[in-house]
Novice: 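First the structure, then my questions, so here it is.
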Amino acid sequence: MTTYASWDMMSLVDVPVRYDLAQSTCPPLSVGDLLDQDEVVATGLGYGRSQGGAELRALIAAEAGIEAEHVLVTVGAVSAMFMLAQDRCGPGDHVVLATPCFPPARIVPEGLGARVEAVPLRFEDGYRLPIAALAESFTASTRLVSLASPQNPSGVSFTAEELQELLTVVSDRSPEAVVLVDETYRASAYHQDAPARSAAALSGQVVTCSSVSKAHGAPGLRIGWLTTTDPGLHQRLSNTKSVLTSSCSTVDEVLAAALLRRRAEILSPRAQRLGAALDELECWVEEHPVAHVRPDAGAVCCVRLDPDIVPDGTVGAFYEALADRDVRVAPGRWFGEDERVFRVGFGHLAPADFTEALSRVGDALLAHT
């Protein structure tokens, strides 16, 4: 029987906290930000297309540098990850997973009976892609290679050169493998930076996934997508989606298309806000017994308690002190990382609340150093 492990990260949607630094989203949009009242009233409630609406797929494809026929609209990015794992993983199949990671990237293949081999990316190395270590893990029986760029929880992106080097090794050692690149945070740039290019067109072995949940601030729409330029794989995944959901919500798709038509207008002020918040976070880091790895994109950053100043025996007490102060961060164990490391989200809270949240984290640190 296929079973899936529970994951503590679901507390983010089930348990509200006043100063929530564990959230990885940008401020949520409203329906009124995307459509006027007449457009809302005129939106039909019939079935959508099984692969997603034509306009929505075209908008996604144009930004990713591929054709609309290479896009499959899904119920959030996590649905895309689930369907790909269903296609690639069975009992005993080999999966190589770059960690730390979004928990379902491990939970789903393991639930399907696959043998998941985790290759850790290290805080000390800036969470760079360890090509040599990954290469040692690849075999002719590897079915899936899973990573995220930008990463969750660190926000570190891989360069095009790193990804191309990885693909060269995969093609040589694991020709039957598919490389999943989770690009959920890619559109969240800082200040005037442009988002990095998608990996969607790099190779027929690449599958990407993303959504409107994080950078765009629309997690309530439950619209994501996957891309693949492999026609056979695209058809199998389309078949899987038709069994699971038939189609996505037409209302959600209409709203998502309206959002992506105005992508630049929506993302630009968010990039300014994220840049300012990251600047503030980095100033805070300099004044406290912690270190961080600077993210390349996304509203998330990994921070680590200084082991020379925060004794091992007080790490648990630090998290308890945060809870006492109505503050939450995302602990490293959620992602398969050391408990000294925690993810800070800097896009969710209003600026004044973000400043107050950091102050409360500082108070918790002061109490346990």
Novice: For residues Leu59 and Ala257, report the shortest heavy-atom separation together with the two atoms involved.
Specialist: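 Closest approach of Leu59 to Ala257, heavy atoms only: CD1-O, 3.5 Å.
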Novice: For Pro153 and Cys101, which heavy atoms make the closest approach, and how far apart are they?
Specialist: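 Heavy atoms only, the tightest pair is CD-N, 4.4 Å.
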Novice: When you check the side-chain N and O atoms of Asp182 and Thr184, is any donor under 3.5 Å from an acceptor?
Specialist: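 Asp182 vs Thr184: donor-acceptor pair found between side chains.
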Novice: Less than 4.5 Å apart, side chain to side chain, heavy atoms only: is that true for Phe102 and Met9?
Specialist: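 With C-beta onward as the side chain, the pair touches.
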Novice: Side chain of Gln205, backbone of Ala177: donor and acceptor closer than 3.5 Å?
Specialist: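 Flag set: sc Gln205 to bb Ala177 pair under 3.5 Å.
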Novice: Verify side-chain contact (heavy atoms from CB on, under 4.5 Å) between Val327 and Val17, making sure each step is shown before the conclusion.
Specialist: CA-CA 7 Å; Val327 179; Val17 172; 5.6 Å; no
Novice: Hey, is CD on Glu67 packed in by over 12 heavy atoms from elsewhere, all under 6.0 Å?
Specialist: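 Not more than 12 within 6.0 Å, no.
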Novice: Are side-chain heavy atoms of Ile131 and Leu166 found at a separation under 4.5 Å?
Specialist: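 In contact.
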Novice: Between His234 and Glu69, is there a donor-acceptor pair closer than 3.5 Å when you use the side chain of the first and the backbone of the second?
Specialist: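 Checking the backbone N and O of Glu69 against the side chain of His234, a donor-acceptor pair under 3.5 Å is found.
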Novice: Where do Cys89 and Pro109 come nearest, in terms of heavy atoms and distance?
Specialist: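 For Cys89 and Pro109, the tightest heavy-atom pair comes out as SG-CB, 4.0 Å.
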Novice: Locate the shortest heavy-atom distance separating Pro120 from Pro130; write the atom from each residue and the value.
Specialist: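 The pair with the smallest heavy-atom distance is O-CG, 4.1 Å.
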Novice: A side-chain contact here means heavy atoms from C-beta on lying under 4.5 Å apart; do Phe354 and Leu281 qualify?
Specialist: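 They are in contact (side-chain heavy atoms under 4.5 Å apart), so the answer is yes.
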Novice: Treat each ILVMFWY residue as a node, draw an edge where side-chain heavy atoms are under 4.5 Å apart, and state whether Trp334 and Val108 are in one component.
Specialist: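 The answer is yes; both residues are in one hydrophobic cluster.
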Novice: Between Ser154 and Gln151, do the side chains contain an N or O donor and an N or O acceptor separated by less than 3.5 Å?
Specialist: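 There is such a pair (donor and acceptor under 3.5 Å, judged by atom type) between the side chains of Ser154 and Gln151.
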Novice: Is the backbone N or O of Asp252 less than 3.5 Å from a side-chain atom of Ser249, with the two atoms forming a donor-acceptor pair by type?
Specialist: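 Yes.
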Novice: Once rounded to the nearest 0.5 Å, what's the spacing between atom OG1 of Thr208 and atom NE2 of His70?
Specialist: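 Rounded to the nearest 0.5 Å, the OG1-NE2 separation comes out at 11.5 Å.
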Novice: Can you tell me how the ring of His288 sits relative to the ring of Trp284, calling it parallel under 30°, perpendicular over 60° and tilted otherwise?
Specialist: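 Ring orientation, 0 to 90° scale: parallel.
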Novice: Main chain of Glu339, side chain of Tyr319: is a donor-acceptor contact present, judged purely on distance under 3.5 Å?
Specialist: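 Side chain of Tyr319 to backbone of Glu339: a pair is present.
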Novice: Hey, which of Leu147, Leu144, Val96 is the one that makes side chain to side chain contact (heavy atoms under 4.5 Å, CB included) with Val179?
Specialist: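 Testing Val179 for a side chain to side chain contact (heavy atoms under 4.5 Å, CB included) against Leu147, Leu144, Val96 leaves exactly one candidate, Leu147.
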Novice: Look at the side chain of Arg343 and the backbone N and O of Ala22, then say whether any donor-acceptor pair between them is shorter than 3.5 Å.
Specialist: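 Yes; judged by distance alone, with no hydrogens or angles, the pair exists.
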Novice: Is there a side-chain contact between Leu12 and Arg328 in this structure, where contact means two heavy atoms from C-beta onward sitting under 4.5 Å apart?
Specialist: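 A side-chain contact under 4.5 Å exists here.
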Novice: Just wondering, more than 12 heavy atoms not from Arg263 lying within 6.0 Å of its CZ?
Specialist: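 Result for CZ/Arg263: enclosed.
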Novice: In terms of hydrophobic clusters joined by side-chain contacts under 4.5 Å, are Ile107 and Leu244 together?
Specialist: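 Yes, Ile107 connects to Leu244 through the hydrophobic network.
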Novice: Looking only at non-hydrogen atoms, find the nearest pair between Thr250 and Gly48 and report the distance.
Specialist: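 Heavy atoms of Thr250 and Gly48 come nearest at CG2-N, 3.3 Å.
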Novice: Given 3.5 Å as the limit, does a donor-acceptor pair link the side chain of Glu282 with the main chain of Asp279, or not?
Specialist: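 Looks like no, no N/O pair under 3.5 Å.
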Novice: I need the Glu165 CD to Leu134 CG distance, nearest 0.5 Å.
Specialist: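 Answer rounded to 0.5 Å: 10.0 Å.
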Novice: Do Tyr127 and Arg122 come within less than 4.5 Å of each other through their side chains, counting heavy atoms only?
Specialist: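 No, too far: nothing below the 4.5 Å cut-off.
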Novice: Counting C-beta onward and ignoring hydrogens, is there a side-chain heavy-atom pair between Phe82 and Pro104 closer than 4.5 Å?
Specialist: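 No, side chains not in contact.
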Novice: Would you please test Asp312 and Arg340 for side-chain contact (heavy atoms from CB on, under 4.5 Å) and show each step?
Specialist: CA-CA 9 Å; Asp312 288 342; Arg340 283 188 169 278; 2.7 Å; yes
Novice: Does atom CZ (Arg197) have a neighbourhood of more than 12 heavy atoms from anything else shown, all under 6.0 Å?
Specialist: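 Open.
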Novice: Taking Arg325 for the side chain and Ala321 for the main chain, is one N or O donor matched with an acceptor at less than 3.5 Å?
Specialist: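 Confirmed, Arg325 side chain pairs with Ala321 backbone.
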Novice: Is Arg304 salt-bridged to Glu337, going by a charged N under 4.0 Å from an acidic O?
Specialist: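 Salt bridge: no.
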Novice: Could you tell me whether the side chain of Asp296 and the main chain of Ser157 form a donor-acceptor pair under 3.5 Å?
Specialist: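 Confirmed, Asp296 side chain pairs with Ser157 backbone.
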Novice: Is there a side-chain contact between Leu226 and Met83 (heavy atoms, below 4.5 Å)?
Specialist: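 They are in contact (side-chain heavy atoms under 4.5 Å apart), so the answer is yes.
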Novice: Looking at Asp33 and Arg262, is any side-chain nitrogen of the basic one under 4.0 Å from a carboxylate oxygen of the acidic one?
Specialist: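 Between Asp33 and Arg262 there is no salt bridge, as every charged N stays at least 4.0 Å from the carboxylate O atoms.
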Novice: Is it true that Phe342 and Phe318 have ring centroids separated by less than 6.0 Å?
Specialist: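 Phe342 vs Phe318: aromatic centres under 6.0 Å.
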Novice: Counting C-beta onward and ignoring hydrogens, is there a side-chain heavy-atom pair between Leu29 and Leu34 closer than 4.5 Å?
Specialist: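 Heavy-atom side-chain distance check passes, below 4.5 Å.
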Novice: Check this for me: Tyr47, atom OH, are more than 12 non-hydrogen atoms of other residues, nucleotides or ligands nearer than 6.0 Å?
Specialist: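 Counting other residues, nucleotides and ligands, OH of Tyr47 stays at 12 neighbours or fewer.
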Novice: Under the salt bridge (charged side-chain N to carboxylate O under 4.0 Å, His left out) criterion, do Asp8 and Arg333 qualify, and how do the steps go?
Specialist: CA-CA 9 Å; Asp8 293 340; Arg333 59 181 168 79; 2.8 Å; yes
Novice: Ignoring hydrogens and geometry, is there a side-chain-to-backbone donor-acceptor pair from Glu253 to Gly53 under 3.5 Å?
Specialist: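 Checking the backbone N and O of Gly53 against the side chain of Glu253, a donor-acceptor pair under 3.5 Å is found.
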Novice: In this structure, which one of Arg173, His94, Arg115, Glu117 forms a side chain to side chain donor-acceptor pair (under 3.5 Å) with Thr142?
Specialist: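 One option only clears the test, and that one is His94.
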Novice: Can you tell me if CD on Gln37 sees more than 12 non-hydrogen neighbours from other groups inside 6.0 Å?
Specialist: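 Atom CD in Gln37 is not crowded, with 12 or fewer foreign heavy atoms closer than 6.0 Å.
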Novice: State yes or no: are the ring centers of Trp7 and Phe335 separated by less than 6.0 Å?
Specialist: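 Aromatic pair excluded; centres sit 6.0 Å or further apart.
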Novice: Honestly curious: do Val290 and Val310 fall in one hydrophobic cluster under the side-chain, below-4.5 Å linking rule?
Specialist: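 As far as the 4.5 Å side-chain criterion goes, Val310 and Val290 are connected within one cluster.
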Novice: Give a yes or no on whether the backbone of Ser242 and the side-chain of Ser50 come within a donor-acceptor separation of less than 3.5 Å.
Specialist: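 Looks like no, no N/O pair under 3.5 Å.
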Novice: Between Glu55 and Arg261, does a salt bridge (charged side-chain N to carboxylate O under 4.0 Å, His left out) hold up when you go through it step by step?
Specialist: CA-CA 10 Å; Glu55 181 188 13; Arg261 283 197 300 270; 2.8 Å; yes
Novice: Please lay out, stage by stage, how Ser188 and Lys214 fare under the test side-chain hydrogen bond (donor to acceptor under 3.5 Å, both in side chains).
Specialist: CA-CA 8 Å; Ser188 287; Lys214 304 298 185 180; over 6 Å; no
Novice: Tell me if the CD atom of Glu176 is crowded by more than 12 foreign heavy atoms within 6.0 Å.
Specialist: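 It does not: Glu176 CD has 12 such atoms or fewer within range.
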Novice: Is the shortest side-chain N to carboxylate O distance from Asp87 to Arg236 below 4.0 Å?
Specialist: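 Salt bridge present between Asp87 and Arg236.
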Novice: As an exercise, state the distance from CD1 of Ile223 to OG1 of Thr74, rounded to the nearest 0.5 Å.
Specialist: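 Nearest 0.5 Å value for the CD1-OG1 distance: 7.5 Å.
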Novice: Any link between Val300 and Met81 through a network of hydrophobic side chains (Ile, Leu, Val, Met, Phe, Trp, Tyr) touching at under 4.5 Å?
Specialist: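 No, because Val300 and Met81 fall into different hydrophobic clusters, even though each may have its own neighbours under 4.5 Å.
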Novice: Regarding Ser198 and Glu183, do their side chains bring together a donor and an acceptor under 3.5 Å, going by distance alone?
Specialist: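 Note: Ser198 and Glu183 side chains meet the donor-acceptor criterion.
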Novice: Might you point out which heavy atoms bring Ala189 and Leu274 nearest each other, and give the distance in Å?
Specialist: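 Closest approach of Ala189 to Leu274, heavy atoms only: O-CD1, 3.9 Å.
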Novice: For residues Leu221 and Val13: do they belong to one hydrophobic cluster (side chain heavy atoms under 4.5 Å, members Ile, Leu, Val, Met, Phe, Trp, Tyr)?
Specialist: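 The answer is no; the residues belong to distinct hydrophobic clusters.
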Novice: Side chains of Ser210 and Tyr185: is there a donor and an acceptor less than 3.5 Å apart?
Specialist: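 Tyr185 and Ser210 do not have a side-chain donor-acceptor pair below 3.5 Å.
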Novice: Checking salt bridge (charged side-chain N to carboxylate O under 4.0 Å, His left out) for the pair Arg18/Asp353: CA distance, chi angles, key distance, verdict?
Specialist: CA-CA 9 Å; Arg18 174 66 181 86; Asp353 288 341; 3.3 Å; yes
Novice: On the 0 to 90° scale, with breaks at 30° and 60°, tag the Phe346-Tyr190 ring pair as parallel, tilted or perpendicular.
Specialist: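 Correct class here is tilted.
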